[in-house]
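Residues: numbered from 1 along the sequence shown.
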Amino acid sequence: MKLIHISDIHINEAAILDQDPVENFKLCMRHVEKHHREADMVVITGDLTHHGNQSSYQMLRDLISEWSINPLLMIGNHDDRSVFLDHFPDQATDRNGFVQYVTDREEGRFIFLDTVETGTHAGRFCELRQSWLEEKLQEAERLSFPVYLFMHHQPIGVGVKNSDIIGLLDGEAFRQIISRYNRTIQHLFFGHCHYVLSGSVCGIPMSAPRSTNHPCVPDFSNSDSLGVAPSPATYNVCLIGDQSVVVHSIDFQLDGDILWYQSTADGWINEKAV
């Protein structure tokens with residue numbers, strides 16, 4: 001299975017930190033369609049818009065209507081749940097109105113979480129949402145379904161002050177849940193930090209791509225600075241097998257600058273011919 005993971009597209013009418021989020025998302029869309037049109041699933045893990053306003057969600061609707069691929073949408077801290085649902089009335093929600101839902105496929109169960117709390121950029125995963133997740137994980141375990149979990153906020157501290165203060169504030173409760181199912185959950189996908197991340201939480205591998213608009217740089221000095229760099233934006237190509245998950249980080253803005261060489265039988269190139 002090929003899964004495309006995109007995050008933090010921040011659709012907005014105006015530029016953000018001298019970057020055009022609409023044009024950058026279009027570039028991402030074109031790259032995915034050119035190279036991965038056959039992808040089985042495309043997921044955008046939140047911060048769909050920058051200000052959560054009506055015009056931005058309408059722009060997003062127009063953009064994805066032009067795309068031959070139908071992405072699965074999630075909300076992040078820059079989104080407004082009610083405005084989002086006004087513009088995407090067919091979006092699945094749980095029984096409490098949170099934008100979280102399940103998609104079951106041959107490869108397993110894909111669970112999409114809502115970690116948004118109105119009035120803060122930090123994430124919340126309240127008892128209602130915790131109960132829903134535990135129920136879906138119990139079902140998956142009973143059915144012997146491997147689980148792939150998606151959320152916007154990072155589930156643990158990443159060692160960067162300006163990221164961690166707006167991370168998942170209910171992290172301990174969340175981690176207690178997933179630790180009970182760490183043999184069922186195969187991988188955890190998230191966004192929010194705007195830089196490439198990988199590692200594990202409670203024995204579960206995890207990964208995140210850069211923002212498609214304004215990639216950030218981690219600052220480990222414990223300062224309050226936020227680094228924004230001219231690093232190429234990315235999305236991830238995730239290859240899910242029976243016993244593996246492989247995650248590739250794709251620098252889609254560099255597509256026109258790549259030099260391709262014919263490799264030899266031993267997997268390298270004839271350097272004398274270059």
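- Both Val116 and Phe84 are members of a single hydrophobic cluster when ILVMFWY side chains are connected at heavy-atom separations under 4.5 Å.
- Aromatic ring pairs are classed by plane angle as parallel below 30°, tilted from 30° to 60° and perpendicular above 60°; the pair His187 and Phe189 is tilted.
- Ring geometry for His10 against His78 counts as perpendicular: the plane angle is over 60°, on a 0 to 90° scale with 30° as the lower cut.
- Once rounded to the nearest 0.5 Å, the distance linking CG of Asp251 with CZ of Arg210 reads 6.0 Å.
- Atom CG in Leu113 sits 6.0 Å away from atom CE in Met74 (nearest 0.5 Å).
- One side chain, Asn24 or Gln253, offers a donor N or O that lies under 3.5 Å from an acceptor on the other.
- Between His153 and Phe125, the ring center distance fails the sub-6.0 Å criterion.
- If you check the side chains of Thr264 and Asp266, you find a donor sitting under 3.5 Å from an acceptor.
- A donor and an acceptor atom, one from each side chain of Glu33 and Ser68, are located under 3.5 Å apart.
- Under a 4.0 Å N-O distance rule, the pair Arg109/Glu139 qualifies as a salt bridge.
- Between the side chains of Ser179 and Asn182, no donor-acceptor pair of N or O atoms lies under 3.5 Å.
- Connection of Trp132 to Phe145 is not established within any shared hydrophobic cluster, with ILVMFWY side chains joined at heavy-atom distances below 4.5 Å, either directly or through further cluster members.
- A donor-acceptor pair shorter than 3.5 Å can be found between the side chains of Tyr57 and Asp79.
- Across all their heavy atoms, Ile4 and Ala39 have their closest contact at CG1-CB, 3.7 Å.
- Residues Pro215 and His194 fail the side-chain proximity criterion, which asks for heavy atoms closer than 4.5 Å.
- Gln154 places a side-chain N or O within donor-acceptor distance of the main-chain N or O of Ser163, the cut-off being under 3.5 Å.
- Of the possible donor and acceptor atoms, one in the side chain of His192 sits under 3.5 Å from a partner among the backbone N and O of Ile166.
- Checked for salt-bridge contact, Arg81 and Asp114 meet the test: a charged N lies under 4.0 Å from a carboxylate O.
- The hydrophobic cluster containing Met151 does not contain Leu169, counting ILVMFWY residues as joined when their side-chain heavy atoms lie under 4.5 angstrom apart, directly or transitively.
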